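Shown next, in structure tokens, is the structure this report addresses.
Please read these numbers as outputs of a predicted model, since none were measured by experiment.
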Protein chains: 2
Amino acid sequence: MRPSGARPDTDTWCAAGRRPATRRSKRSPEGSCPISSAAAADPGASAGTARLTLEACPPILLPMAVEPIPSATGLGSSLPPASARERYEPLDSRSVVEFVRPVLPAAWRAEEIGDGNLNLIFRVFDEHDRTVIVKQALPYLRIVGDSWPLTLERARIEGDALALQDRLAPGLVPRLLGYDADRKAIVMEDLRSFEVWRTELNAQRAYPRAAADVGRFCGQMFMRTSNLLCPPEEWKGLLARSVNPELCAITEDLVFTAPYVDAPSNDVEAHLTAEAEALRNDRELVEAAAALRHQFRTRAEAFIHGDLHTGSVMVSTSGTRMIDPEFAFMGPMGFDSGAVLGNLAMAFIAHWAQGHEPFAATVARDARAFWDALAGSIAELWPADEPWRDRFIANLVTDSAHYAGAKMIRRIVGLAHVSDITGIGDPSVRRRAQAAVLRGGRALVCAPEIADLAGLWKLAVEAV
Amino acid sequence: MRPSGARPDTDTWCAAGRRPATRRSKRSPEGSCPISSAAAADPGASAGTARLTLEACPPILLPMAVEPIPSATGLGSSLPPASARERYEPLDSRSVVEFVRPVLPAAWRAEEIGDGNLNLIFRVFDEHDRTVIVKQALPYLRIVGDSWPLTLERARIEGDALALQDRLAPGLVPRLLGYDADRKAIVMEDLRSFEVWRTELNAQRAYPRAAADVGRFCGQMFMRTSNLLCPPEEWKGLLARSVNPELCAITEDLVFTAPYVDAPSNDVEAHLTAEAEALRNDRELVEAAAALRHQFRTRAEAFIHGDLHTGSVMVSTSGTRMIDPEFAFMGPMGFDSGAVLGNLAMAFIAHWAQGHEPFAATVARDARAFWDALAGSIAELWPADEPWRDRFIANLVTDSAHYAGAKMIRRIVGLAHVSDITGIGDPSVRRRAQAAVLRGGRALVCAPEIADLAGLWKLAVEAV
């Protein structure tokens, strides 16, 4: 989904500060409607504040009058109105220091980090070396300039998503410290002591708790934003509020469309030309991918992350954080769990092809730990009056398999590749891994029904 | 969905007036995005007018500022704000005459028709005996009084739905003449020369074009409001605009929940007590129904009617109209096609059980004509760049079978019954028909995959 699959090292952040205990103690009990309870437990949160203030987490569902959803009007351009654009101005490493004072009173200097292509990212320090991160949406893709306009709406989406995730899966996302609607900037916990999971997997460094944390994150978000737990009225409000057309269109194009046509955006290594063409002529696969695109568009099952590959997971020995939820929307649960499993399958294939059998086995155990934690969270939260849990899990395995396959294929013949594979120096080993990913992906996308994780994993990796 | 399955005869309306040719000629060409093209072709339509004016069809997607979606805020009550409630006042047969003058200048008298339980319905005459229908939402269920409050929001939903259906499936719904947001009243074409299809089927009167018209209506609405034809941004706007929590909750309860538990709302004839209990103890069926409820809630495939039984279809020798779309929302297509087929299956079973084999054969031909017209419309509108039409049709058959089965079961052991069955005078014949409907419904709900309409129909009716 990002121009480059490899996340720059400057994108790794450190933890700063802890949530006050009083906040956590107000959280709603297990089992009651998570969304409405969270709002009810913190009445102040529903008063939308356009300016950044201390502890000013945005409400999950801002009143329409404060922040209308431009895309929900259906009336042409989804750009914010001119008045909002006029108030917008890019931050720089001086102005951002003033900007964060409400949440970091002793702030005194800032560094711009990140590649700054879609967003400006700053790390701001205070006099005691405590830090926060400021992420400001850019109104265009910087490498192309203002000829490629982007809506600033995604900053609100990311802020809303972080706030919702922090309430429903606490401790598994960076803490949101504030959101400024005018400047389209969010302020959040710095993750400086964390590393990108993909980088660590590539370096054969194991993080024993990471996979289970990702599974718990998925299970908690899936269940707590599903209408299995939420009253229909609340749930439909979340559905309406969470449409995310611009970024969903990117996914639809890059994951489900471009790899199956000869799209100019595809980046195919020369030695894979024949494989890529065979794939485009594989009628069963092309049909299955198109049907899957329709499912991605129409199955509003839960508030999903929307881009949950191993580069969106920050790991440390003490905890795990899912980052960058700007693709979040009400979509199929299997798209998130499939992203995790598809990316772990690629890590497995890469290590196996390179002769790193012991670490490949670690990755396979990660896949199992992820799935067990996911299924465990679902079982824990499953409502007693829904008599179809086994069927639900079975459907989720099959959906995860399909989406995992689509994610694997697009990382070989689509626009954005993954460093697990591109980082393999020996061309013949790399080619073997690429072919195995394509075959595994094809088997998954075309699979009819899959009984359990073992069946999914076998299809995904058996070609290496 | 309605308190009584039998629609009173006073609910049958007659056609008055024709659409000016200039309006029709502006319609968008086949193949382009139907929703945005319709809006673009008629720029005036996007200026929301709260007062009733001649030709004042509401825009499909009113700007949020004019008519916010209360349910989309997610902030508690979905009742309109106090100011709107204060402007609301019920019409009577005197005030309604003044009310319709903008569209019927020579109006002089009105009759209240309909049972007036959920809505007030008036027929207004002018001096030349031309008529229009006014339907005003009541803020509570009249038989219970204001202890059962209902949102007036459904008048907007019905007005929006009629406007959208009239643009995308012209001539197959009553023409919408106006909508008054303050009074929660819509003004529409009178269908006085039409009859309720269910009544005509019961009386063994055939309407050769009706079934195919219903099929064309479904096919056109399914395709033109799907994201197969609409750009994602437009489609997501329609999704956000069309959430309909209150009436969806009624369907979820009455169709998918109550029949499978010992709900007080269920109305089970004494001789069916054992069958109803066996059904509640049928674990496979109960699980399948719960999974189907989840699909109904989460599969936002197209703007569906939401209550398309044979009592929602008005027939005449010259045309067919689908009425009462207050349950409309973005849901699974198979729920509409399943409703039609499930209700035709009950008509078939009722006639077959009563020895009316020739008319039963007519009903079976209606089911075939419905499906062929539906599949034909889909084929006609199917976009060339979606390579999975056969798979789409196969999925639609299976989904239709599941929903048809749920609709059949709930009409025997749920709250609302159908006159096809309740009208069978001989108790032993009625009981045989009821048992056949339950067995057919069970077979459909539990069916894995169904290849074609013949397979669906066989499961539905073979028990009689």
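- In this structure, the portions of A:A288 lying under 4.5 Å from any heavy atom of chain B include both its backbone and its side chain.
- Here the shortest heavy-atom pairing between A:P387 and B:E287 reads O-CG, 2.8 Å.
- Contact of B:Q295 with chain A is not made at all, since no heavy-atom distance falls under 4.5 Å.
- Nearest approach of B:E233 to A:E246, heavy atoms of both residues: OE1-N, 4.3 Å.
- For B:R391, the part lying under 4.5 angstrom from a heavy atom of chain A is the side chain only.
- For A:F329, the part lying under 4.5 angstrom from a heavy atom of chain B is the side chain only.
- Neither the backbone nor the side chain of A:N395 comes within contact range of chain B, judged by heavy atoms closer than 4.5 Å.
- Between B:H294 and A:F392, the ring planes lie perpendicular to each other; the angle is over 60°, past the 30° to 60° tilted range.
- When heavy atoms are compared at a cutoff of 4.5 Å, A:R293 approaches chain B solely by way of its side chain, counted from C-beta outward.
- In this structure, the separation between CD on B:E301 and OG1 on A:T298 is 5.0 Å, given to the nearest 0.5 Å.
- Distance CE/B:M330 to NZ/A:K236: 11.0 Å, rounded to 0.5 Å.
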